[in-house]
Engineer: 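Can you keep this structure in mind? I'll have questions shortly.
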Amino acid sequence: MTPALSKSERIVSRTNDYTCNEMRKIELYEMGWNLKDGLRECLVAAAPYGGPISLLKGHNRRSPSARPQLEIYSSSGLPLASFPWKSGVVKQLGWTVSDDLLCVQEDGTVLVYDLLGGFKRHFSMGNEVSQSQVLETKIFHSPYGTGVAILTGALRFTLATNIDDIKLRRLPEVPGLQGAPSCWAVLTQDRQSKVLVANGSHLFILDNTACTPVTPPGLSPQASSIVHMCVSFSYKYLALLTDSGHVWMGTSNLKEKLSEVDTKIKTPPKQMAWCRRPKSQQPSAVVMWDGLLIVVGECKETIQYHLDDDSILVPELDGVRIISGTHHELLQEVPGACEEIFKIASMAPGALLLEAHKEYEKESQKADEYLREIKEQSLLSEAVRQCVEAAGHEHEPETQKTLLRAASFGKCFLSNFPPEQFVSMCRDLRVLNAVRDYTVGIPLTHTQFKQMTVQVLIDRLVYRKLYPLAIEICRYLKTPEYQGVSRVLKHWACYKVQQKEESDEVIAKAVSVKLADAAGIFYSEIATKAYESGRTELAIKLLEFEPRSGEQVPLLLKMKKSPLALSKAIESGDTDLVYTVVMYLKNELNRGDFFMMLRNQPVALSLYKQFCKHQEQDTLKDLFNQDDDHEELGNLYVKASYKEQRLEARIALLQSAVDEYYKAKNEFSAKTTEDEMRLLRFQRKLEEEKGELLVGFSLHDTMTTLLSVGLHKHAEQLYKDFRVPDKRFWWLKLKSLAEKEDWEELEKFGKSKKSPIGYLPFVEVCIKHHNKYEAKKYVSKVTPEQKVKAHLAVGDMEGAAEAAIERRNESEISTVLSRCSATTDHLLMERLNRAKATAVKK
């Protein structure tokens, strides 16, 4: 079975078409399916841009024993999927922009399948539609995505502009509508979807808020009813067919008439579609009846094609595809470049260049004559451009090659012709020929390919599981790896891990080998797909190849592989990730299992303890109890005691701490804590007896407070009971008495016994409190080493000099000299200088 016409048949067919009517009908494929009754008794939908074809056979059957059969084919008729329909009555089939199949049921439920027949999801068009049932439905494409419009049994329209973000809109009623409208269509204007309804000869536009009557300008007065309508692929143009057989064509906003043609057929058609190339100046529409296809355009004459089988029309960006039980054809207006080159007796630059190349291949001198004619008109660049453009519009590879060779021939005689257009077209055609192949079955035109973009084409190949071809195209077009090869390989890997017939080891190895050098692929995404397919062990193996712990851990937790997730989080060195896992485990496991797992992971246990110190003290206590960590338990009780306001509770906690410290054999901490308890009791007793607020003070502050209020005996009791060092106690009492300026008590204290801190502090404290008189009382008691400093502190220069000279200390003599005044102490200075000189000699 051949995918296209032979070369000779192709050229004859094309030439005759061009001569007659500037339309051409290209056979794309002889269909590979085997349909006994053709498309009769089938609900059919074909996706645009050469997309797949869906058939629901026997869709009117109601018996469980004879269910309808849903089948999906490529555009060449090769089967992609087939399964019995077990759901409700289907009113309409349609395809989304991403080649998903929509099945709209009578109850308003829409089921979504992928092009290989896999069920994806379903959604409802609302309770009102469900109650009143679906009368008619249309699936349309808008700037927001794929939409569904439904006419209910209550003669109301419900609209969903984007099935991926369902927002149902109930449109206003159509006045005077007693039954189903004669025809209706969905328009997209100003980024808003509207419904155009024909009720007899009256037209109404329904939007979100209003029903507006409209009148097409120049519509034939013979019409009493509009029986069919169609909107162009771009939604810019509209065609209306009246009961008088007239086809009115104009803009979709119904403000401008482009043409009106009488078909001379008054019976309602099966289907009507707009057929106009982008940038074309001529409107044209295709109307189909049983066995007949008519093309109407700007002129009054129509073009007729006879159809042998039941067919459907598939509107495209640059034409109409005609699908029957045996053939798949493309009907389109002849592209300008092709018409210029191939029309009979054409003198266009491209036609002359094509003839010049043919003569050159025959080694005829006529080639030179044709070239001279083109060059004399300075149209060689235009001729090359025409040949390149025409090659893009041709489907037969041999014709493409002929035109491109002619273009290449013409380029040889141009010194500065930019090569980009020629090179780009060669690449595009190689890709297009590959996807047009019968086994692939995507009959894209060059115009559609440019509109679709390479990325979308790659997606379509991936959806069909044609991974090798997708990778070859990416490499050939040098698509960036993360957008091309890597993306395809990721899809392949996600598909591979769902295969049940191979073992986990085989699949994991195959994926790792295939993806080894691919950039930008996250194994976690592939592992997630494996897990969703019920292959947990395979998912774990794949995660071993994932270098980012942050991607491994969430999936491991999802798979209930908590110990492995915790190990991976710790290996990553990311404390936030470890905390994430620990908190997850805390919520998922019972306390005993949770603590047991943490005990096996010291890092996690340490981090959790840090968390508990700030957030959950009780949990921390349980942890220490379970580990028999008496030292930390004692510390915990001590810290807790400081948060208690009641003294009894504080002492009880401290007693618990003492018990834990003894269990830990930490006698120092135990004794210290017991001393704290004794101090607290002493403070409470004094508070009760003397009214001084002391509870909670440290030993130092307690003694300071007692000395400052004159409770010297109680302070001395603390000094003895707690074995406060003598020096510390003397300093405390000295400062307290000086601050109170109780000089008499200070003098008694200084005479009570020999001072362990010496008497220079007495001098300095008195001077600090501006009492030189009291300070002088203690100068005589200062040790010889501190005599100079003491005399200087009280301002006694003579005494300081005597002490320095007596000790014959050069440093002390220099210190006294530095404090002497040259005007008042010159005699003393001479004496000191002599003593200094003597001290230096010695």
Engineer: With distance as the sole criterion, is a donor-acceptor pair present between the side chains of Asp318 and Gln451 under 3.5 Å?
Structural biologist: no
Engineer: I'd like to check Leu238 versus Met249 (side-chain heavy atoms, cut-off strictly below 4.5 Å). Are they in contact?
Structural biologist: no
Engineer: Does Leu403 reach the side chain of Phe342, with side-chain heavy atoms less than 4.5 Å apart?
Structural biologist: yes
Engineer: Heavy atoms only: give me the nearest Ala351-Ile341 pair and the separation to one decimal.
Structural biologist: CB-O, 3.4 Å
Engineer: Between the side chain of His395 and the main-chain N/O of Leu28, is any donor-acceptor distance below 3.5 Å?
Structural biologist: no
Engineer: When rounded to the nearest 0.5 angstrom, what is the spacing between CG in Asp309 and CE in Met31?
Structural biologist: 11.5 Å
Engineer: Are there more than 12 heavy atoms of other residues, nucleotides or ligands under 6.0 Å from atom NE2 of His327?
Structural biologist: yes
Engineer: Please check this pair: side chain of Thr402 against backbone of Glu398, looking for a donor-acceptor N/O pair closer than 3.5 Å.
Structural biologist: yes
Engineer: Hey, can you tell me if Trp274 and Tyr237 have their rings parallel, tilted or perpendicular (30° and 60° cut-offs)?
Structural biologist: parallel
Engineer: Can you list the steps and then say if Arg436 with Ile442 is a side chain to side chain contact (heavy atoms under 4.5 Å, CB included)?
Structural biologist: CA-CA 5 Å; Arg436 288 171 183 165; Ile442 304 179; over 6 Å; no
Engineer: Would you say Asp99's side chain and Tyr463's backbone share a donor-acceptor pair under 3.5 angstrom?
Structural biologist: no
Engineer: Is any side-chain heavy atom of Ser252 less than 4.5 Å from a side-chain heavy atom of Lys194?
Structural biologist: no
Engineer: Output the distance between atom CG (Leu331) and atom CZ (Arg24), rounded to the nearest 0.5 Å.
Structural biologist: 10.5 Å
Engineer: Start with the C-alpha gap between Val247 and Thr302, add the side-chain angles, then the distance that decides, and say whether side chain to side chain contact (heavy atoms under 4.5 Å, CB included) holds.
Structural biologist: CA-CA 11 Å; Val247 177; Thr302 61; over 6 Å; no
Engineer: What's the separation between atom OG1 in Thr146 and atom CG in Asp100, rounded to the nearest 0.5 Å?
Structural biologist: 8.5 Å
Engineer: Which residue in the set Ser224, Ser201, Ser182 passes side chain to side chain donor-acceptor pair (under 3.5 Å) when paired with Asp243?
Structural biologist: Ser224
Engineer: Does atom CD (Gln377) have a neighbourhood of more than 12 heavy atoms from anything else shown, all under 6.0 Å?
Structural biologist: yes
Engineer: May I ask you to test the Val435-Arg460 pair for a side-chain heavy-atom distance under 4.5 Å?
Structural biologist: no
Engineer: Are the side chains of Ile163 and Ile166 in touch, meaning some heavy atoms are under 4.5 Å apart?
Structural biologist: yes
Engineer: Test side chain to side chain contact (heavy atoms under 4.5 Å, CB included) on Leu240 and Leu203 and set out the steps.
Structural biologist: CA-CA 11 Å; Leu240 305 174; Leu203 278 175; 3.8 Å; yes
Engineer: Judged by atom type as modelled, is there a donor-acceptor pair below 3.5 Å linking the side chain of Gln400 to the main-chain atoms of Glu394?
Structural biologist: yes
Engineer: So, does Thr263 use its side chain to make a donor-acceptor pair with the main chain of Ile265 at under 3.5 Å?
Structural biologist: yes
Engineer: For Arg276 and Gln282, does a side-chain donor sit closer than 3.5 Å to a side-chain acceptor?
Structural biologist: no
Engineer: Return the minimal non-hydrogen interatomic distance between Cys183 and Ile226, and the atom names on each side.
Structural biologist: SG-O, 3.5 Å
Engineer: Minimum heavy-atom separation for Asn199 and Gly176, please, with both atom names.
Structural biologist: ND2-O, 3.3 Å
Engineer: Using a strict threshold of under 4.0 Å (side-chain N to carboxylate O), is an ion pair present between Asp37 and Lys57?
Structural biologist: no
Engineer: Tell me the closest heavy-atom pair linking Cys474 and Ile458, and the distance in Å.
Structural biologist: SG-CD1, 3.7 Å
Engineer: Go through the side-chain N and O atoms of Ser98 and Thr96 and say whether any donor and acceptor fall under 3.5 Å apart.
Structural biologist: yes
Engineer: What I'd like to find out is whether the side chain of Trp95 reaches to under 4.5 Å of the side chain of Leu115, using heavy atoms alone.
Structural biologist: yes
Engineer: Is the number of heavy atoms from other residues, nucleotides or ligands within 6.0 Å of NZ (Lys236) greater than 12?
Structural biologist: no
Engineer: To the closest 0.5 Å, what do you measure between OG1 (Thr161) and CZ (Arg169)?
Structural biologist: 4.5 Å
Engineer: Heavy-atom distance under 4.5 Å between the side chains of Leu404 and Phe422, does that happen here?
Structural biologist: yes
Engineer: Would a distance-only check, ignoring hydrogens and angles, find a side-chain to backbone donor-acceptor pair under 3.5 Å from Trp289 to Thr267?
Structural biologist: yes
Engineer: State, with a plain yes or no, whether a side-chain heavy atom of Val295 is found less than 4.5 Å away from one of Tyr305.
Structural biologist: yes
Engineer: Output yes when a side-chain donor or acceptor of Asp310 lies under 3.5 Å from a complementary backbone atom of Leu39, and no otherwise.
Structural biologist: no
Engineer: To the nearest 0.5 Å, what is the distance between CZ on Arg427 and OH on Tyr476?
Structural biologist: 6.5 Å
Engineer: One pair to check against side-chain hydrogen bond (donor to acceptor under 3.5 Å, both in side chains): Thr447 and Thr445. What are the steps and the verdict?
Structural biologist: CA-CA 5 Å; Thr447 305; Thr445 65; 4.6 Å; no
Engineer: Hey, does the side chain of Glu389 reach the backbone of Ala337 with a donor-acceptor pair shorter than 3.5 angstrom?
Structural biologist: no
Engineer: Before giving the answer on salt bridge (charged side-chain N to carboxylate O under 4.0 Å, His left out), spell out for Asp262 and Lys300 the whole-Å C-alpha distance, their side-chain angles and the decisive distance to 0.1 Å.
Structural biologist: CA-CA 7 Å; Asp262 186 3; Lys300 300 302 178 184; over 6 Å; no
Engineer: Passes side chain to side chain contact (heavy atoms under 4.5 Å, CB included), Phe204 versus Leu177? Steps please.
Structural biologist: CA-CA 11 Å; Phe204 301 91; Leu177 191 63; over 6 Å; no
Engineer: May I ask you to decide if Leu317's main-chain N or O and Tyr49's side chain share a donor-acceptor pair within less than 3.5 Å?
Structural biologist: no
Engineer: Hey, what do you get for CZ (Arg385) to CG (Leu379), rounding to the nearest 0.5 Å?
Structural biologist: 11.0 Å
Engineer: Checking Trp33 against Glu71: is there a side-chain donor and acceptor pair closer than 3.5 Å?
Structural biologist: no
Engineer: Write down the atom of Met125, the atom of Val148, and the distance for their closest heavy-atom approach.
Structural biologist: CE-O, 3.7 Å
Engineer: Looking at every heavy atom in both Gly350 and Gln386, which two are closest together, and how far apart are they?
Structural biologist: N-OE1, 2.8 Å
Engineer: Okay, side chain of Trp248, backbone of Pro217: is any donor-acceptor separation there less than 3.5 Å?
Structural biologist: yes
